[in-house]
Undergrad: 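The structure's right below; bear with me while I get my questions together.
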Amino acid sequence: MMLKYIIKDLKETLAYLPYGIMAGAVVGLLLNGLNARRERKGKDAFPMAGLMAFSLYLMIILVITFFSREDGSRIGMDLELFSTWGTNARNHAYVVENVLLFIPYGFICPWAFPWLRGFFRNTFAAFVTSFGVETIQLITGRGYFQVDDILTNVLGAVIGYLLFQILYGMLRRFRRQ
């Protein structure tokens with residue numbers, strides 16, 4: 001039952017993919033120009049693929065958490081830890097979806113921003129980002145401020161970061177051969 005809710009919600013999220021692709025394309029065009037200028041000055045280029053992926057992901061997050069909701073449609077604050085889990089499959093699905101939502105964050109950030117390749121830096125960045133999303137949702141009334149959301153988002157980012165480290169380590173070993 002919970003899986004049915006997760007699949008349904010993921011399908012709805014795919015509707016936001018065009019916004020993310022547009023954001024990634026715009027960032028790609030900007031980075032292309034900036035990188036050409038940096039290369040003329042003898043500086044290292046920005047990691048285009050990582051930054052484009054981050055832009056795509058960030059736009060999808062913004063649409064899911066803000067732009068797809070009405071002002072004042074969800075007002076409130078829940079500071080009780082583990083209260084989101086609830087007693088039904090729908091609530092369980094929300095918890096799992098919050099973890100899934102931030103797995104790309106933990107993976108893409110160290111790819112796009114090399115200074116976030118450390119575990120604690122990446123985890124702290126995920127915490128700050130999730131806390132910012134929750135705070136803006138509270139201020140705008142476009143979502144509940146929930147401590148559980150911050151916790152599950154950070155958990156998702158940690159999972160994504162571990163996946164990044166595994167893949168990054170494999171690629172480094174492959175390149176040495």
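In this text the structure is predicted, and so the values were computed from the model without any measurement.
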Undergrad: Please determine whether residues Phe102 and Phe54 belong to a single hydrophobic cluster, defined as Ile, Leu, Val, Met, Phe, Trp and Tyr linked transitively by side-chain heavy-atom distances below 4.5 Å.
TA: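 Same cluster: Phe102 reaches Phe54 through Ile, Leu, Val, Met, Phe, Trp or Tyr contacts under 4.5 Å.
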Undergrad: Between Leu10 and Leu14, is there a side-chain heavy-atom distance shorter than 4.5 Å?
TA: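 In short, these two side chains do not touch, never coming nearer than 4.5 Å.
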Undergrad: Other members of the hydrophobic cluster containing Phe174, with the 4.5 Å side-chain heavy-atom rule, please.
TA: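 Its cluster partners, ordered by chain and number, are none at all.
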Undergrad: Using a 3.5 Å distance criterion without hydrogens, assess whether the side chain of Gln165 forms a donor-acceptor pair with backbone atoms of Arg117.
TA: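 Judged by distance alone, yes, a pair lies under 3.5 Å.
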Undergrad: Do the side chain of Ser130 and the main chain of Phe127 share a donor and acceptor less than 3.5 angstrom apart?
TA: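 No.
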Undergrad: Give the minimum heavy-atom separation between Gly24 and Ser55, together with the two atoms involved.
TA: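 Between these two residues, the closest heavy atoms are CA-CB, 4.1 Å.
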Undergrad: Would you say that Asp78 contacts Val147 through its side chain, given a criterion of any heavy-atom pair below 4.5 Å between the two side chains?
TA: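 Asp78 does not reach Val147 side chain to side chain.
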Undergrad: Search all heavy atoms of Thr84 against all heavy atoms of Asn91 and return the closest pair with its distance.
TA: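 Distance-wise, the nearest heavy atoms are O-CB, 3.3 Å.
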Undergrad: I'd like to know if the side chain of Asn98 and the backbone of Asn153 have a donor-acceptor N/O pair within less than 3.5 Å.
TA: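 No, because the side chain of Asn98 does not come within donor-acceptor range (under 3.5 Å) of the backbone of Asn153.
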Undergrad: What's the spacing between Thr123 OG1 and Phe120 CZ if we round to 0.5 Å?
TA: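 Going from the OG1 atom of Thr123 to the CZ atom of Phe120 covers 7.0 Å.
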Undergrad: Do Met48 and Tyr57 sit in one hydrophobic cluster, given that two such residues count as connected whenever their side-chain heavy atoms are within less than 4.5 Å of each other, even indirectly?
TA: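 Yes, Met48 and Tyr57 fall within the same hydrophobic cluster.
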Undergrad: Between the side chain of Asn122 and the main-chain N/O of Val158, is any donor-acceptor distance below 3.5 Å?
TA: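 The answer is no, because no donor-acceptor pair under 3.5 Å joins these two groups.
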Undergrad: Check side chain to side chain donor-acceptor pair (under 3.5 Å) between Glu39 and all other residues, then give those that pass, not counting sequence neighbours.
TA: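 None.
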Undergrad: Check whether any side-chain heavy atom of Ile64 lies under 4.5 Å from a side-chain heavy atom of Glu12, and answer yes or no.
TA: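 No, every pair of side-chain atoms sits at 4.5 Å or beyond.
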Undergrad: Under a 4.5 Å cut-off applied to non-hydrogen side-chain atoms, are Phe66 and Gln137 in contact?
TA: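 They are in side-chain contact.
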Undergrad: Testing the basics here: between Leu116 and Pro110, what is the closest heavy-atom pair and its distance to 0.1 Å?
TA: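 Heavy-atom minimum between the residues: O-CB, 3.7 Å.
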Undergrad: Is the centre of the Tyr105 ring less than 6.0 Å from the centre of the Phe164 ring?
TA: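 Distance test on ring centres: not under 6.0 Å, no.
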Undergrad: Taking the side chain as every heavy atom from C-beta outward, state whether Thr65 and Arg142 have any atom pair closer than 4.5 Å.
TA: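 Heavy-atom side-chain distance check fails, nothing below 4.5 Å.
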Undergrad: Less than 4.5 Å apart, any side-chain heavy atom of Phe107 and any of Ile159?
TA: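 No; the side chains remain at least 4.5 Å from each other.
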Undergrad: Report the distance from atom CG of Leu100 to atom CG of Leu155, rounding to the nearest 0.5 Å.
TA: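 Answer for the CG-CG pair, Leu100 versus Leu155, is 10.0 Å.
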Undergrad: Quick one: do Leu101 and Tyr19 end up in the same hydrophobic cluster if we chain Ile, Leu, Val, Met, Phe, Trp and Tyr together by side-chain heavy atoms under 4.5 Å apart?
TA: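 Yes; tracing contacts between hydrophobic side chains, which count when under 4.5 Å, links both residues.
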Undergrad: Taking atom CE of Met77 and atom CD of Glu134, what is their separation to the nearest 0.5 Å?
TA: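 Rounded to the nearest 0.5 Å, the CE-CD separation comes to 10.0 Å.
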Undergrad: Rounded to the nearest 0.5 Å, how far does CG of Asn88 lie from OH of Tyr5?
TA: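 Spacing of OH (Tyr5) from CG (Asn88) equals 7.0 Å.
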Undergrad: For Ala45, does its backbone N or O pair with a side-chain atom of Arg38 as donor and acceptor, under 3.5 Å?
TA: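 Such a contact is absent between Arg38 side chain and Ala45 backbone.
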Undergrad: Per the side chain to side chain contact (heavy atoms under 4.5 Å, CB included) rule, which among Thr152, Ile6, Asp9 passes with Val96?
TA: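 The residue from Thr152, Ile6, Asp9 that satisfies side chain to side chain contact (heavy atoms under 4.5 Å, CB included) with Val96 turns out to be Ile6.
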Undergrad: Report whether Leu58 and Met52 are members of the same hydrophobic cluster (ILVMFWY, side-chain heavy atoms less than 4.5 Å apart, transitive linking).
TA: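 Yes, one cluster joins them.
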Undergrad: For Thr129 and Ile61, run side chain to side chain contact (heavy atoms under 4.5 Å, CB included): C-alpha distance rounded to whole Å, both residues' side-chain angles, the deciding distance at 0.1 Å, then the answer.
TA: CA-CA 11 Å; Thr129 302; Ile61 290 293; over 6 Å; no
Undergrad: Report yes if the side chains of Val133 and Asp149 come closer than 4.5 Å at any heavy-atom pair, otherwise no.
TA: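 Val133 vs Asp149: side chains apart.
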Undergrad: Check whether any side-chain heavy atom of Leu17 sits under 4.5 Å from a side-chain heavy atom of Ile60, and report yes or no.
TA: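 Of all side-chain heavy-atom pairs linking Ile60 with Leu17, at least one is under 4.5 Å.
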Undergrad: Can you get from Ile21 to Ile108 by hopping between Ile, Leu, Val, Met, Phe, Trp and Tyr side chains that sit under 4.5 Å apart?
TA: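 Yes, same cluster.
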Undergrad: Would you please classify the geometry between the His92 ring and the Trp85 ring as parallel, tilted or perpendicular, with 30° and 60° separating the classes?
TA: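 Answer is parallel, since the angle falls under 30°.
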Undergrad: With clusters built from Ile, Leu, Val, Met, Phe, Trp and Tyr whose side-chain heavy atoms come within less than 4.5 Å, directly or transitively, what are the remaining members of the cluster of Val26, listed by chain and number?
TA: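 Result for Val26 is Leu30.
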Undergrad: Let me confirm one number: the CG-CD distance from Leu151 to Gln146, rounded to the nearest 0.5 Å.
TA: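 Between atom CG of Leu151 and atom CD of Gln146 there are 12.0 Å.
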